[in-house]
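Per chain, numbering begins at 1; letters A, B, ... match sequence-line order.
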Amino acid sequence: MELLRQIFAGASTLLTGMRVTLEHFMRPPVTSEYPRERLEMSEAYRNVIVLIEKDDIKSHDCIACSACERVCPSFCIKLDGARPEGLKRMRVTEFTVDFALCSECGLCLDVCPTDTLGYSRSYDEAGFNRSDFLYDLVEPWRAEEETTVERLRKVENEKAEAKKLAAAKKAAAASEKAADPAEEKDA
Amino acid sequence: MQNSIEVVAEDRDTYYMNMGPQHPSTHGVLRLKLHLEGETILSAEPFIGYGHRAHEKMAENRDYLQFLPNTSRVDYLSGMIYNLAYCQAVEKMMAIEVPERAEYIRIIAAELNRISSHLLWMGTFLLDLGGITPFLYGFDDREKILDILDSITGSRLTYCYGRFGGVTMDVDEIFVAKTAEFCEYFRGRLDDFQRLVIGNVIFQERTKGVGVFDPELIQHYALSGPCLRAMGFARDVRKDEPYGIYERFDFEVQLGQRGDCFDRSTVRMGEMQQSLDIIEQALKELPDGPIMAAKVPKRIRPPEGDHHFAVESARGRFQHYIVSDGSDIPVRHKLSTPSFVNISTMPQVMPGTMLADAVAILGSIDIVVPEIDR
Amino acid sequence: MVHNLTQILGNPLLALAAAIAAIMGYLTVNAMMLIWLERKFSARIQRRLGPTEHGPFGLLQSVADMGKLLSKELLTPDHVHKPLYLLAPVLVFSPVIALCSLFPISESWVFHDFNIALVLLLAISNVTIVGIFFAGWGSNNKYALLGAVRSVAQNISYEIPLILSVIPIVLMTRSLSLYQISAAQDVFPFILVQPLAALIFLIAATAETNRAPFDIPEAESELIAGFHTEYSGMRFALFFFAEYSNMVIVCALAAVLFLGGWHGPLLPGWLWFMIKVYGLIILMMWFRWTFPRLRFDQLMSFAWIVLVPLSILNLLLTIVVIKLI
């Protein structure tokens, strides 16, 4: 008798299980057929780092300080920079990231002093050699580098002019102040 | 998938067999050398080291900030928990105060990670036993969790989300709404899993009374996590050595009775339920504010001496043990992982069981081999 | 009026050849269809898509798989016992052809109406067990041998409830001919009066064909790869075919014995037969993708402790009821 009761109880659990799979059979599949359908990546998605445009400069703002190169745990960044003629800021000339080594930790983004590093959102990077993954981050900006440096030079000159003017005004005001009490004293 | 065997000449009734490094059921590269007589196991010896990646050596060559990406890769299934554990360890060493909002976000992310780890365990355990469908259902739910975590961290499996003093990215209203929606949806799924998996008579026959952990084992092995709780001992790092803000949350420690595979399974299913409760509480109480501490030292130079910090990962008690000499590179950084202890118990637990049970036992203790080999 | 192939074609040998060709053709197409059906059905249960690339709805996927298996090298390992190793796939697959000829597909179409068809069926189907054992022994491989031993033990154990659950039907119709048994169900199918026998038959049939939850002999995630470890290419394909063809045979037997064969309103007889057979096959597939595997000793104890007493009980009840009526 006990055996029969056990058999019934066991059989009913099996039927419940079959019911669960039947319920799932009725639901639509959750597959998205890549590569015909592509999923949208979230906004925070991390892929290889890129230099992003800063609004006030209309170009990237990498000053080749090598902070990212020093902090990278995988040693995958190689930087080189130079100071263009007449410009106080440095501009990066070579920025190679070996994406095969990058672990996308985001530490380089954290230490960048000008906040000019960001993530790209593409996710189907594929290549046939290791060398396919040596990304040159300055490449997209090279064409405009001349005009950017021109613009930056102008901005720096204007700032220098404004500073000189402000300094001259201050000196004039200070000398006026010095002259006035002297006159009063005289009188 | 051929496994090599050597027949022992003097003993004609017994034979050695490798559950070799490549095997569908060993959850990674693990070698179990079994001494069998017919179908009964006489002895089982695990050989580890196939997945050694020298994390502890890497820690000795990098400073504290540079070690962050390594932490997730030690146990990639509880990557968030391990990452946040390291951040909390350094914060404890350097006495950095973490803002409230960051603490709550950490708890939500860690508990979501715990649920996803248990879902994967359930899928692979059932896969070993022969029921292929719950694996797919578990992964469907896991996709939802991974999408949620992707929206704040940018990664799906190995996160580098925590920083010393807080977290990297803030959460917004959409995240809160999606997580609350997931919690509600997942309670129904737990019901489904109960009907399909735990209540199934075949599953119960395969797991009840199989792989019983003798209470005497705790004299010799530092067991922790679901394996210990299934034996009836209420030990949970979140309750015994609370870290973060876990004292503010109301959850129960799930216990079993006999310490067999079935109890370990029910403990883990119960833990998923408790994690849902914790997440819902945290979502309700999430305060506004900054997510990074105001003053974080630029160079992490911990005081000289030994420091340790333990958390409850999905598999048990995970501890960071850092020996520092005052410079920015640690002298020794030891990662004490729970799977290492759990696999060490196999020579005591497996003898006397049948071959088919060996697969069930290995699946139920939930090992992640990279965590054993580091 | 039963059509007779020999009368139509004139020559009995020609009729034999035609019958074999027709059955082989049907089995090949059937195996491909069943593989496709299994993949699609399991995919839908698991909320994914299954094959979609080759052909509409992935229908040509089995053709592609067949092409791959045909093009594989027929490796014969050195250490095998050649006669047994080479004979095994033949022994596993050929009874299936013979068995397919026993079924009455519709009221007027049956290859040959044996008056002991049922006994023939149960007897010939046991030749496959010998084939499986030859495969395991001849492979000279410990794992294949263990898998074969398990399979033989399982098949033999589940034969008994299978036969015991079929005997009540024989008692009711007083005939061993499958055609007569089908014809006797014109008023109601026998499942209504013998539900327990039908259930036991279904379970025993699932075990006979080594399908989950009784698929220990070919368990994919256990240590032993099963009795067909040492086989590759077309020889493995023969084992695979034999398994799917066996499924059709046991489901056809269930349809004939319990579900009424070709009877049914509106649609032609052969269509109803096909619907019943494939409906039962889908049920067997449903079992496979829902339940985990039974351990081997639990499998055996289930047969001997649960199924055999129940089927004997059912048999006794039937005898009593028939005597009273």
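- Between chain A and the options E205(B), Q204(B), K298(B), R73(B), heavy-atom pairs under 4.5 Å are most frequent for R73(B).
- Environment of CZ in R19(A): sparse, with no more than 12 heavy atoms of neighbouring residues, nucleotides or ligands closer than 6.0 Å.
- Heavy atoms of V71(A) lying under 4.5 Å from chain B belong to its backbone as well as its side chain.
- For chain B, no part of S12(A) is nearby; none of its heavy atoms comes within less than 4.5 Å.
- Few gaps surround CD on E37(A); more than 12 heavy atoms of other groups in view lie less than 6.0 Å from it.
- When heavy atoms are compared at a cutoff of 4.5 Å, Q6(A) does not approach chain B at all.
- Atom OH of Y45(A) and atom OG1 of T153(B) lie 11.0 Å apart (nearest 0.5 Å).
- Listed by sequence position, S103(A), C105(A), G106(A), L107(A), D110(A) are the residues of residues 91-120 of chain A in contact with chain B, using a 4.5 angstrom heavy-atom cutoff.
- For CZ of R36(A), the number of neighbouring non-hydrogen atoms (other residues, nucleotides, ligands) closer than 6.0 Å is 12 at most.
- The neighbour count for R53(B) CZ, taken as heavy atoms of other residues, nucleotides or ligands under 6.0 Å away, is above 12.
- With a 4.5 Å cut-off on non-hydrogen atoms, R156(B) does not touch chain A at all.
- Counting non-hydrogen atoms of other residues, nucleotides and ligands closer than 6.0 Å to NZ of K78(A) gives a total of 12 or fewer.
- Distance check, rounded to the nearest 0.5 Å: CZ of R62(B) to OG of S74(A) gives 7.0 Å.
- Heavy-atom distances place both the backbone and the side chain of R195(B) under 4.5 Å from chain A.
- Open room surrounds CZ on F8(A); 12 or fewer heavy atoms of other groups in view lie less than 6.0 Å from it.
- Q66(B) and C72(A) get closest at one heavy-atom pair: NE2-O, 3.4 Å.
- Taking non-hydrogen atoms and a 4.5 Å limit, the residue list of residues 161-188 of chain B in contact with chain A, ordered by number, reads R163(B), T168(B), M169(B).
- The part of R70(A) that comes within reach of chain B is its backbone (N, CA, C, O), which places non-hydrogen atoms under 4.5 angstrom from that chain.
- Note that the CD1 atom of I152(B) and the CD atom of E43(A) stand 14.0 Å from one another [nearest 0.5 Å].
- Here the straight-line distance linking atom CG of L196(B) with atom OG1 of T13(A) works out to 10.5 Å at 0.5 Å rounding.
- If you take CG on L149(B) and OG on S42(A), they are separated by 10.5 Å, rounding to the nearest 0.5 Å.
- Y137(B) touches chain A through its side chain: at least one heavy atom from C-beta onward sits under 4.5 Å away, while N, CA, C and O do not.
- If you measure heavy-atom distances from D140(B) to chain A, the contacts under 4.5 Å come from the side chain alone.
- Few gaps surround CD on E125(A); more than 12 heavy atoms of other groups in view lie less than 6.0 Å from it.
- Residues D150(B) and A44(A) share a closest heavy-atom pair of O-CB, 3.9 Å.
- In this structure the side chain of D192(B) reaches within 4.5 angstrom of the side chain of H24(A), judged on heavy atoms.
- Both the backbone and the side chain of L65(B) come within less than 4.5 Å of a heavy atom of chain A.
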